2 protein chains.
Amino acid sequence: MSNLAYEVLKRNQLSVTESRKQILELFYERNNALEHNDIERITGEKFDRVTIYRTLQTFVEKGIIHTIPTADNSVRYALCKDECTEGHHHDNHIHFICNQCSTTYCLEAVSVPEVLLPKGFQPQLIEVVVSGKCKNC
Amino acid sequence: MSNLAYEVLKRNQLSVTESRKQILELFYERNNALEHNDIERITGEKFDRVTIYRTLQTFVEKGIIHTIPTADNSVRYALCKDECTEGHHHDNHIHFICNQCSTTYCLEAVSVPEVLLPKGFQPQLIEVVVSGKCKNC
DNA sequence: AAAATTTTGCAACTTTGTTGCAAACTCTTA
DNA sequence: TAAGAGTTTGCAACAAAGTTGCAAAATTTT
Ligand SMILES: [Mn+2]
Ligand SMILES: [Mn+2]
Ligand SMILES: [Zn+2]
Ligand SMILES: [Zn+2]
């Protein structure tokens with residue numbers, strides 16, 4: 001819905017522009033992770049590459065989307081839950097990357113497991129990325 | 001020791017060349033993860049950028065080193081344990097990246113925790129990357 | 001020591017990401 | 001609802017990261 005994107009932008013004190021609206025809508029429609037490149041491809045030539053970079057960066061800063069670490073060096077982005085706010089991400093779920101269709105899922109139902117670190121190491125953030133075969137492959 | 005690198009290359013049926021020996025020695029000396037860029041910097045202008053790319057790629061294929069996923073999009077490499085062989089990595093440890101000194105550790109002592117996935121998802125590889133403050137910071 | 005094989009370095013190119021700036025757009029306020 | 005202030009966009013130019021083909025150099029085999 002066009003309205004959701006609008007509301008989210010407003011709530012985050014962002015000017016509502018065509019690029020921001022459409023890129024955000026894309027995330028709501030697809031409901032899985034996207035890379036810069038996907039967005040460029042899907043939106044066609046509509047927005048400048050630089051605009052897409054800047055939009056994604058803004059969304060990350062505002063806590064609207066988060067990045068997902070991958071073994072190859074691509075950067076993927078996915079929607080945050082509502083608890084994330086400017087400068088403070090509170091995502092506590094793991095990620096799944098399908099080796100076949102390469103879809104990337106946020107598995108909100110699976111929370112990050114405890115890990116016991118050696119003496120002297122103080123954890124701040126734990127990222128778990130599982131790869132394998134997804135439910136559709 | 002120059003000899004260790006030599007042996008490892010031989011065991012993996014790789015021709016022993018200056019670049020391979022020196023890059024591999026670097027991993028043994030430093031004993032933590034390195035990125036392409038580190039290697040270029042440390043070895044000075046001695047080897048071509050392309051050679052470093054190709055050497056790292058070869059080492060990964062042979063199971064001599066493995067890559068470590070990171071949230072920013074840098075690619076880090078670290079030595080594998082002996083059980084890794086051509087085409088088959090058997091690393092079962094987690095990684096720690098220090099936010100202060102940005103050193104990346106393979107925590108061999110900490111094994112990857114179990115994760116229970118939703119129905120339909122079949123795990124093949126689980127990557128755990130913890131970031132925070134390391135034992136030296 | 002020569003021949004066969006592999007690796008290297010170079011050049012040229014692609015892809016990815018960054019920056020400064022004027023023009024276009026969005027928001028505010030009267 | 002129109003002008004002005006502020007923000008965002010697209011372009012150009014650049015920098016960094018990664019890839020490919022190929023001849024020359026090095027390594028391994030015979
Ligand atoms: Mn996620
Ligand atoms: Mn490791
Ligand atoms: Zn799949
Ligand atoms: Zn540290």
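This one's a predicted model, so the numbers in the text were calculated from it and none came from an experiment. Because only heavy atoms are used, hydrogens play no part in the values below, and waters and symmetry mates are left out as well, while side chains stay in. Below, chains carry the letters A, B, ... as their sequence lines are ordered, and counting in each starts from 1.
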Margin query: Quiz question: by atom type and distance under 3.5 Å, do the side chains of B:Asn99 and A:Gln124 form a donor-acceptor pair?
Written below: yes
Note to self: I'd like to check A:Thr104 versus A:Phe96 (side-chain heavy atoms, cut-off strictly below 4.5 Å). Are they in contact?
What the structure shows: no
Next item on the list: Write down the distance between CD (B:Glu40) and P (D:dA16), rounded to a whole number of angstrom.
Entry: 11 Å
Check: Using the benzene-type ring in the case of Trp, are the ring centres of A:His95 and A:Tyr105 under 6.0 Å apart?
Finding: no
Next item on the list: Send over the distance from A:Arg49 CZ to D:dA13 P, rounded to a whole Å.
Entry: 14 Å
Checklist line | Sidechain N-carboxylate O distance under 4.0 Å for B:Lys21, B:Glu18 | finding: yes
Notebook entry, point to check: Rounded to whole angstroms, how far apart are NZ on B:Lys21 and C1' on D:dT27?
Noted result: 11 Å
Next item on the list: Indicate for each nucleotide in nucleotides 2-12 of chain D, in 5' to 3' sequence, whether protein heavy atoms under 4.0 Å reach the base (B), only the sugar-phosphate (S), or nothing (-).
Entry: -----SSBBBB
Note to self: Tell me the closest heavy-atom pair linking A:Tyr77 and A:Phe27, and the distance in Å.
What the structure shows: O-CE2, 3.2 Å
Item checked: Interatomic distance, A:Gln57 CD vs C:dG17 P [rounded to whole Å] -> 11 Å
Note to self: Between C1' on C:dT26 and NZ on A:Lys10, what's the gap in Å once rounded to a whole number?
What the structure shows: 8 Å
Notebook entry, point to check: How many Å lie between CG on A:Leu56 and C1' on C:dT16, as a whole number?
Noted result: 13 Å
Next item on the list: Find the distance B:Asp38:CG to D:dA17:P and express it as a whole number of Å.
Entry: 11 Å
Margin query: Taking the side chain as everything from C-beta on, heavy atoms only, tell me whether B:Thr70 gets closer than 4.5 Å to B:Val129.
Written below: no
Checklist line | Interatomic distance where CZ belongs to B:Arg76 and C1' belongs to D:dA17 [whole Å] | finding: 15 Å
